[in-house]
Colleague: 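One structure is given below, represented as structure tokens, and several questions about it will come after.
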Amino acid sequence: MQYTVDQRGYYGEFGGAFIPEMLYPNVAELRNLYIDLIYDESFQKEFQALLKDYVGRPSPLFLAKRLSKHYNTNIFLKREDLNHTGAHKINNTIGQILVAKRLGKKRIIAETGAGQHGVATATVCALMGIECIVYMGAIDIERQAPNVSRMRMLGAKVVPANSGSKTLKDATNEAIRDWINNPEDTHYIIGSVVGPHPYPDMVARFQSVISEEMKWQLKEQTGSENPSMIIACVGGGSNAAGAFYHYMENKEVRLVAVEAAGMGIHSGESAATSVLGTKGIIHGSRTLLMQTEDGQIIEPYSLSAGLDYPGIGPLHAHLIDTGRAEAVSITDDEALKAAYFLSKQEGIIPALESAHAFAALDKIKYSSEDIIVINLSGRGDKDLATYIKHFENYG
Amino acid sequence: MDRLHQLFSTKKKDILNIYFTAGYPQLDATGKIILALEKAGVDLIEIGMPYSDPLADGPTIQESGQVALENGMTLPLLFEQIEQVRKESSVPLIMMGYFNQVMQYGEEAFLRKCKAVGVDGLILPDMPLDVYEKDYKALFEDIGMNIVFLITPQTSEERILKIDALSRGFIYMVSNSSITGAKTGISETQLAYFNRINQMQLNNPRLIGFGISNNETFRTACTYASGAIIGSAFIRALAKGNDLNETIASFVSMVKNETVLK
């Protein structure tokens, strides 16, 4: 079984590029050039140097002793929360800004949900001195105010998406429209492993540095580069794609994708795509998505803005559909509990998205000999207001 | 010969194609709009299937789609409405929507239903050319359903030839690099593009869409192609007007620059 993308841009039956003709030249240009571009020697040199000196990589692999004792197993945390800007998102934006530069693009657009990808994009645009416009759902602008301020301070223009559910999917629609209107000078930095081919593959490759480091770090600390399992949260799925990437073909390593169940999978307020989703097209990609019988995309819900997306990347649809990855759903309540628990056990306040991955420890089976890696995709600073609001129930 | 080919074989110039969103402004407006447009002398009608995430459309069409969905528009209902209006209407009808809607209905079932209720062609802007050729061309031909593909100023010559070979009915020529309803007027660059396409001697007739909103832009488009498509400007007129028949009659006469006979 092949888990990486095939020649036509598909993962099994998922993926492809279902885009209007107006986007075709831009996407085709990227598709034709991205592999040669990113594996070019000068590109890799610049990319690796920025990951090291600007992002602060490698991110540590930390044995969480108290958490391990509590769960009677061995839990390592991949500390993407320690990256510059506070999440894994910057791995991808560094890569894509270098792609944009080499394509001669003068203007960058991006969509953002929680604001982490927006901040990471605004950051690399400031670093390179390129104009940056970030589309963000009007509701997300309200609930993620600190990140909106960060983007503005970094010089980006934040444009509210007022259509539909006013969240991530609508911000993505608006960004795609901007790209249609500006077909020649603009590069669209998609923040997750979603969108038309080659985006899911390109973003996964940039994020794959996570599992690349995990291999040698595990080898150093445990003697083997293979863990028993890797747990990561999935909205669109970019941190999970990066954490799984170099282990996908190695079936001894269990891959656990943790989705947001919101108020409960069948509550009508959920974002658990692998359970509630059916095959269809969203944002140019054939994948699993939440939709009505009539093919209208359903507005998802999660307390966490980064997981509030009605689809999953085609790679994850394929991993889950073929049984290679297990999907676990975690409610808002379970994620909040896990966030407070991790904070007190290890002195780490996780992003609400990453907290979902920790909550999965209560839902899956493992043994005391297992080596579990949890991808701690981001830090919780941006979620402080939400955490404080729920302090009485969980603190 | 189907209604669409009939139209293009008898009329070579000044073809007016009007787009509207099914279920907007009211759920039951579909039939009334079709009949009023036909009466006003519109040559071809494009029925928009309202969609939650219409990537290729601008804000005007997206908002009308949201209203239509809130009104309760669904594909089964739309097919019923078209079947009903076909008893009185003989104007060529094409449906425009997104590929996901067709997939969820079932591709073959959708095409057969279109054929059965009297739809003459489809525009599915996010259906990739290669996917159509590989997976659906045979089915479209078997059922006898026309398909319209888009070209833009950025579409390469090689790709235009392929699109011409695969299109059945006409080619939708996007006037500028933008989403619907975004810009007004026609620039020198666009005229150069129209001329370039004209010289290619394509097999399919071409209709120019995007940015066509009044008599002036309609006239210009007609100089360079078989006709033009108006969408957002018509939706805006519907939003403003009170009486559907009156609004439609005066909009069409404004575009054609004819005096309305009362």
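Each chain gets a letter, A, B and so on, in the order its sequence line appears, and its residues count up from 1.
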Colleague: Please state whether the side chain, the backbone, both or neither of Ile163(B) comes within less than 4.5 Å of a heavy atom of chain A.
Modeller: side chain
Colleague: Name the region of Ile19(A), side chain, backbone, both or neither, that has any atom closer than 4.5 Å to a heavy atom of chain B.
Modeller: backbone
Colleague: Just give me the residue among Met127(B), Met49(B), Glu63(B), Arg159(B) that pairs up with chain A most often, heavy atom to heavy atom, under 4.5 Å.
Modeller: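 Among Met127(B), Met49(B), Glu63(B), Arg159(B), the one with the most close pairs to chain A is Arg159(B).
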Colleague: Between Asp120(B) and Arg168(B), does any NZ, NE, NH1 or NH2 come within less than 4.0 Å of an OD or OE carboxylate oxygen?
Modeller: no
Colleague: Quick check on Tyr24(A) against chain B: is it the side chain, the backbone, both or neither that has a heavy atom closer than 4.5 Å?
Modeller: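 Interface part for Tyr24(A): side chain.
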Colleague: Compare every heavy atom of Asp126(B) with every heavy atom of Ile281(A), then report the nearest pair and how far apart it is.
Modeller: CG2-OD2, 4.4 Å
Colleague: At their closest point, which heavy atom of Glu184(A) faces which heavy atom of Lys105(A), and how far apart are they?
Modeller: O-NZ, 3.3 Å
Colleague: Ile320(A) and side chain to side chain contact (heavy atoms under 4.5 Å, CB included): which partner among Val275(A), Leu315(A), Val234(A), Ile312(A)?
Modeller: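 Exactly one pass, corresponding to Ile312(A).
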Colleague: With respect to chain A, which residue among Leu75(B), Val131(B), Leu129(B) yields the maximal number of heavy-atom pairs within a distance under 4.5 Å?
Modeller: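 Ranked by contacts with chain A, first place is Leu75(B).
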Colleague: Which atoms of Pro50(B) come close to chain A, meaning under 4.5 Å heavy atom to heavy atom: side chain ones, backbone ones, both, or neither?
Modeller: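 Only the backbone of Pro50(B) comes within 4.5 Å of chain A.
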Colleague: Over 60° means perpendicular and under 30° means parallel, so classify the ring planes of Tyr3(A) and His318(A), tilted if in between.
Modeller: tilted
Colleague: Looking at Arg286(A) and Glu13(A), is there a salt bridge between them, counting it only when a charged N and a carboxylate O are closer than 4.0 Å?
Modeller: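 Result for this pair is yes, salt bridge flagged.
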Colleague: So what's closer than 4.5 Å to chain B heavy atoms on Glu299(A): side chain, backbone, both or neither?
Modeller: neither
Colleague: Can you tell if the side chain of Met96(B) reaches within under 4.5 Å of the side chain of Pro125(B), non-hydrogen atoms only?
Modeller: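 Side-chain contact under 4.5 Å: yes.
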Colleague: Please rank Thr292(A), Asn26(A), Asn173(A) by heavy-atom pairs under 4.5 Å with chain B and give me the top one.
Modeller: Asn173(A)
Colleague: Pick one of side chain, backbone, both or neither for Gln66(B), based on which atoms fall under 4.5 Å of a heavy atom in chain A.
Modeller: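 For Gln66(B), side-chain heavy atoms alone lie under 4.5 Å from chain A.
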Colleague: Please determine, among Leu124(B), Val102(B), Thr155(B), Ile151(B), the option with the most heavy-atom pairs under 4.5 Å with chain A.
Modeller: Thr155(B)
